[in-house]
Amino acid sequence: MRIVDFRSDTVTLPTDEMLDAMRTAPLGDDVYHEDPTVNHLEELAAKKMGKEAALLTTSGTQANLVSVLSQTKRGDEVILESEAHMYYYESGAFSVFGGLIPRLVKGQFGVLTPQDIESNLRPPNIHFPPTSLVCIENTHNRAGGTIWTPSETRAVCDLAHGRGLKVHMDGARIFNAAVAQNLDVRELTKHVDSMMFCVSKGLSAPVGSLAVGDREFVDKARRYRKMLGGGMRQAGVIAAAGIVAIEKMVERLKDDHSNAQTLAKGLASIEGITIDRAHVQTNIVVYDVSGLGTSGEGWIAKLSKSGVKAGALENTRVRMVTHRGIDREDIVYALDVAEKAAAEMRRK
Ligand SMILES: Cc1ncc(COP(=O)(O)O)c(C=O)c1O
């Protein structure tokens, strides 16, 4: 049976070029800063993002955590979009390890405005935890891979900076945002104080994310990474694949975006499925199956019988992510499976 795995772009496997690079990478002990391949990746990541320095971490979650710890102090309040990955899916890490209080602000498809931030800022007062950081997410996962534009990013950063707040960007899929807008990624990173991105998602590296910012930030983040047990030794094995990911795998993300459009169009034509196509902007397709009289889990179970794997969000919302392991024919196959599954469900 054909298997088409839309659960996430994290299921991508390393390319042959990555595996070759991993086998031949010059290595050293990275805790002593002596792994030339890690050093190379960190320099490359910093340069790509237009910042001073970068730090290789084990995962996006760890990169977000060390970033937020480095930008705050215990007891601070952090403003996040209400559906932020950092709030929703990272086990409350920043509250547990940083003693930080989340203040959730509802955005429009994941995007916040300066007014959203402004209206949630409170004056200095002993009753309130001091707010020190705003976190934004580009692309926004739970909103369906939606993008922030450079001007939206700048507007929020200007407001935050004017109020003495730092801005951290969860840019797990920042290259998707850049490719979708045909922009140099630096247009999206230049106003934020720190950011992280993953090489382990659509870029296909097996492991790794980078926390990026100025030298002082990265020095702090390195210390927090050590505390969290993330000081790796011959991590060049991992970094070698990350270098290939950044240098070779960015441009092809547009194929994933075009496959997502085809998928969204096909799903929109199925009676019982509701999808907001205007907000399918990168490689994530979110839709609702309530019109089929089933839950997201019920729909997913049905598709998986024919080898099409999708992910449930909540209730009747379903998420499908395109990536390097999915081609045009897979999309055609998945749409055929979905049409047949929907027809069966409607008959019941
Ligand atoms: C927006 C966003 N941020 C952070 C992460 C966390 O990355 P990781 O799974 O590598 O911890 C993810 C993972 O899917 C994500 O989608």
Side-chain angles (χ1 to χ4, degrees), residues 5-14 41 45 49 54-69 78 80-94 96-97 102 104 107 109-112 134-148 153 167-178 180 185 188-189 192 194-212 221 224-225 228-230 232 235 238-239 241-242 245 253 256 260 279 281-286 309-313 317 319-323:
D5 194 345
F6 289 97
R7 287 171 305 162
S8 177
D9 45 10
T10 56
V11 302
T12 44
L13 298 176
L41 171 63
M49 298 300 160
L55 175 77
L56 174 64
T57 63
T58 57
S59 65
T61 301
Q62 191 182 59
N64 275 333
L65 179 57
V66 298
S67 299
V68 171
L69 293 176
V78 176
L80 303 125
E81 202 284 325
S82 58
E83 300 273 310
H85 193 282
M86 287 172 65
Y87 173 73
Y88 221 97
Y89 292 123
E90 297 182 10
S91 307
F94 63 79
V96 175
F97 297 109
L104 300 180
F109 294 95
V111 178
L112 297 170
V134 176
C135 294
I136 64 176
E137 187 174 314
N138 192 8
T139 64
H140 194 290
N141 182 2
R142 281 184 59 82
T146 47
I147 51 181
W148 286 62
T153 314
V167 179
H168 170 70
M169 180 166 72
D170 174 347
R173 295 184 181 82
I174 194 63
F175 283 113
N176 293 86
V185 70
L188 299 168
T189 58
V192 301
S194 62
M195 60 90 57
M196 82 83 176
F197 72 99
C198 302
V199 289
S200 58
K201 299 200 160 63
L203 302 185
S204 302
V207 184
S209 296
L210 289 117
V212 191
Y224 281 118
R225 185 190 68 172
L228 294 167
M232 297 175 281
I238 292 168
L253 293 175
D256 300 341
H279 290 97
Q281 298 174 339
T282 55
N283 67 330
I284 301 181
V285 179
V286 172
K309 297 186 184 180
L313 286 176
R317 285 211 310 153
R319 186 182 89 138
M320 290 168 86
V321 185
T322 55
H323 53 76

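We count ligands from 1, going down the list as the structure has it; atoms in each ligand are counted the same way. Model, not experiment: these values are computed from the prediction.
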For the residue pair Leu41 and Gly242, what are the closest heavy atoms and their distance? CD1-C, 3.8 Å
Find all atoms of ligand 1 within a distance of less than 4.0 Å from any non-hydrogen atom belonging to Ala172, and give their numbers and elements. 1 (C), 2 (C), 3 (N), 15 (C)
Do any pairs count as a salt bridge (charged side-chain N to carboxylate O under 4.0 Å, His left out) and have a residue in residues 56-66, sequence neighbours left out, and if so which ones? none
Look at atom 16 (O) of ligand 1 and say which protein heavy atom is nearest, naming residue and atom and giving the distance to 0.1 Å. Arg173 NH1, 2.8 Å
Can a side-chain donor-acceptor contact be found between Ser194 and His168 if the only test is distance below 3.5 angstrom? yes
Report the member of His85, Met196, Glu137 with the shortest heavy-atom distance to atom 15 (C) of ligand 1. His85
State whether the side chain of Asn283 and the backbone N or O of Asp256 hold a donor-acceptor pair below 3.5 Å, judged by distance alone. no
Atoms in ligand 1 flagged as close to Ser59, the criterion being non-hydrogen separation under 4.0 Å: 10 (O), 11 (O)
Of all the non-hydrogen atoms in the protein, which one sits nearest to atom 3 (N) of ligand 1, and at what distance? Asp170 OD2, 2.6 Å
shortest atom 13 (C) of ligand 1-to-protein heavy-atom contact is with Lys201 CE, 3.0 Å
Atom 11 (O) of ligand 1: which of Asn141, Thr61, Val207 has the nearest heavy atom? Thr61
Yes or no: does Met86 have any heavy atom under 4.0 Å from an atom of ligand 1? no
Side chain proximity check, Thr57 to Met196, heavy atoms < 4.5 angstrom: no
Counting only heavy atoms closer than 4.0 Å, does ligand 1 sit against the backbone of His140, its side chain, both, or neither? neither
Which residue owns the protein heavy atom closest to atom 10 (O) of ligand 1, what's the atom, and how far is it? Gly60 N, 2.8 Å
Sorted by chain and residue number, the salt bridge (Lys or Arg N to Asp or Glu O under 4.0 Å) partners of Arg142 (sequence neighbours excluded) come out as Glu83, Glu314
Closer than 3.5 angstrom, by distance alone: can the side chain of Glu137 be matched with the main-chain N or O of Asn141 as a donor-acceptor pair? yes
